[in-house]
Amino acid sequence: MTQNQISIPKNKLWLAAIKPPMYSVAIMPIWVGSAVAFAETKVFNGVIFAVFMTAAILILAWENISNDVFDAETGIDQNKHHSLVNLTGDKQLMFWLGNLCLGSGLLGIIAIALLQQDPAVIAIILLCCALGYMYQGPPFRLGYQGLGEILCFFAFGPLGMTAAYYSQTQTWSITNLAASVIVGIVTSLVLFCSHFHQVKDDIAAGKKSPIVRLGTETGAKVLVWFTASIYPFTMLFVILNIFPIWTLLSFLSLPYAYKLCRHVLENHNQPDKVNNCKFIAVKVHFLSCLFLGIGFVIG
């Protein structure tokens, strides 16, 4: 145990390991997809929404737990004191706990499919789970090749939101697909920000994250364009009359987007200072998606 780990209270390590704010990543595709469905069809099934939301949180818990398990196998998390495997010292326990979360989440999705007598939602979510496994799971480990953001975009954007929309309407929507681009980008942003502070560990473990490939300085510049893109996309969809004008409420997240970009540009090569940037990205994600959904409901 290092001096660093001794100085950090155990409860804070557990809180960092569980990462409560990160679960907005699971919640927001369901929220925005359901909001688009309501805006277009005036249909909203509260029971299905609640079951889907719970299932999404459980499935994300599986992904987070299993990522710690798979990372423990490569040794990349040896300096990560808030890894669940490092905290418990029991990789096998975490593996099965993750699988329990996955199974429980899938039971919720199966319940929705049975209720609607339509297998489409379970098929889409199984594809999302497959992408989630390929991110860190052997033999794929595509996250180690720098492909995590692409997998994240599709799993939480087009696929996740299509499943949410379909669970409410059992139909498809171009508007929902357009909105899923925004949600996919801003979700991938959170993952992108998680790499800045762990470049040395990634290089040592052979992980070619986008920041390892680009370098922190170029990565910070890419982050600015990456973050800024969600706003012109939203404006474009409003101009094209795909989104209602009220979706411009998502611009209320701009102060946090500016804070994120400035913080990373100034501290990109200082791990101790930049390690909180993913939580600023979570605020951008949460607020932009929250107000995007509200815009659809009002509109």
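Just so you know, these numbers use all the heavy atoms, side chains as well, and skip hydrogens, waters and symmetry mates.
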Determine the minimum heavy-atom distance between [X] and [Y], stating which atoms define it.
X      : Y      : result
Gln270 : Glu266 : NE2-O, 3.7 Å
Ala35  : Val297 : CB-CG2, 3.9 Å
Tyr231 : Ser253 : OH-OG, 2.7 Å
Ser24  : Pro29  : O-CD, 4.4 Å
Met22  : Leu60  : O-CD2, 3.7 Å
Val186 : Ser288 : CG2-OG, 3.7 Å

Given side chains that start at C-beta, do those of [X] and [Y] come closer than 4.5 Å, heavy atoms only?
X      : Y      : result
Ile298 : Pro244 : no
Leu126 : Leu106 : yes
Ile280 : His263 : yes
Tyr135 : Leu131 : no
Gln170 : Gln117 : no
Ser66  : Phe95  : no
Leu191 : Ser188 : no
Cys101 : Ile59  : no

Nearest 0.5 Å, what's the [atom1]-[atom2] distance between [X] and [Y]?
X      : Y      : atom1 : atom2 : result
Ile185 : Cys152 : CD1   : SG    : 11.5 Å
Met53  : Ile27  : CE    : CD1   : 6.0 Å
Leu260 : Asn276 : CG    : CG    : 9.5 Å
Ile65  : Asn99  : CD1   : CG    : 9.5 Å
His268 : Thr218 : NE2   : OG1   : 9.0 Å
Cys261 : Leu254 : SG    : CG    : 9.5 Å

Hey, what's the ring geometry for [X] with [Y], parallel, tilted or perpendicular (30° and 60° as the breaks)?
X      : Y      : result
Phe196 : Phe192 : perpendicular
Phe243 : Phe237 : tilted
Phe49  : Phe44  : tilted

Is it true that a side-chain atom of [X] and a backbone atom of [Y] form a donor plus acceptor pair closer than 3.5 Å?
X      : Y      : answer
Ser229 : Phe226 : yes
Trp62  : Leu100 : no
Lys42  : Ala39  : yes
Asp202 : Val212 : no

Inspect the surroundings of [atom1] in [X] and state if more than 12 heavy atoms from other residues, nucleotides or ligands are less than 6.0 Å away.
X      : atom1 : answer
Phe251 : CZ    : yes
Leu240 : CG    : yes
Arg262 : CZ    : no
Trp96  : CH2   : no

Residues Asn269, Glu217; criterion side-chain contact (heavy atoms from CB on, under 4.5 Å); working and verdict: CA-CA 7 Å; Asn269 60 348; Glu217 184 176 1; over 6 Å; no

Thr234 vs Ile182, side-chain contact (heavy atoms from CB on, under 4.5 Å): CA-CA, chis, key distance, verdict: CA-CA 7 Å; Thr234 304; Ile182 308 294; 3.6 Å; yes

Intermediate values then yes/no, side-chain contact (heavy atoms from CB on, under 4.5 Å), Lys278 and His285: CA-CA 10 Å; Lys278 66 181 177 182; His285 172 272; over 6 Å; no

Near-ring test Phe279/Phe286, centroid separation under 6.0 angstrom: no

Any residue meeting side-chain contact (heavy atoms from CB on, under 4.5 Å) with Leu252, in chain and number order, not counting sequence neighbours: Leu249, Phe291

Taking [Y] as the starting point, is it possible to reach [X] by hopping between hydrophobic residues whose side chains are less than 4.5 Å apart?
X      : Y      : result
Met28  : Ile294 : yes
Val47  : Ile125 : yes
Leu115 : Val51  : yes
Ile245 : Phe38  : yes
Ile112 : Leu107 : no

Does any donor atom in the side chain of [X] or [Y] lie under 3.5 Å from an acceptor atom in the other side chain?
X      : Y      : value
Gln136 : Asp71  : yes
Gln116 : Tyr166 : no
Thr41  : Gln168 : no

Worked verdict on Thr187 versus Phe153 for side-chain contact (heavy atoms from CB on, under 4.5 Å): CA-CA 7 Å; Thr187 306; Phe153 172 83; over 6 Å; no

Full working for side-chain hydrogen bond (donor to acceptor under 3.5 Å, both in side chains) between Thr227 and Tyr258: CA-CA 9 Å; Thr227 306; Tyr258 174 76; over 6 Å; no

side-chain hydrogen bond (donor to acceptor under 3.5 Å, both in side chains) between His197 and Asp272, intermediate numbers included: CA-CA 7 Å; His197 70 287; Asp272 290 341; over 6 Å; no

Lys NZ or Arg CZ of Lys207 over Tyr144 ring: under 6.0 Å, within 45°: yes

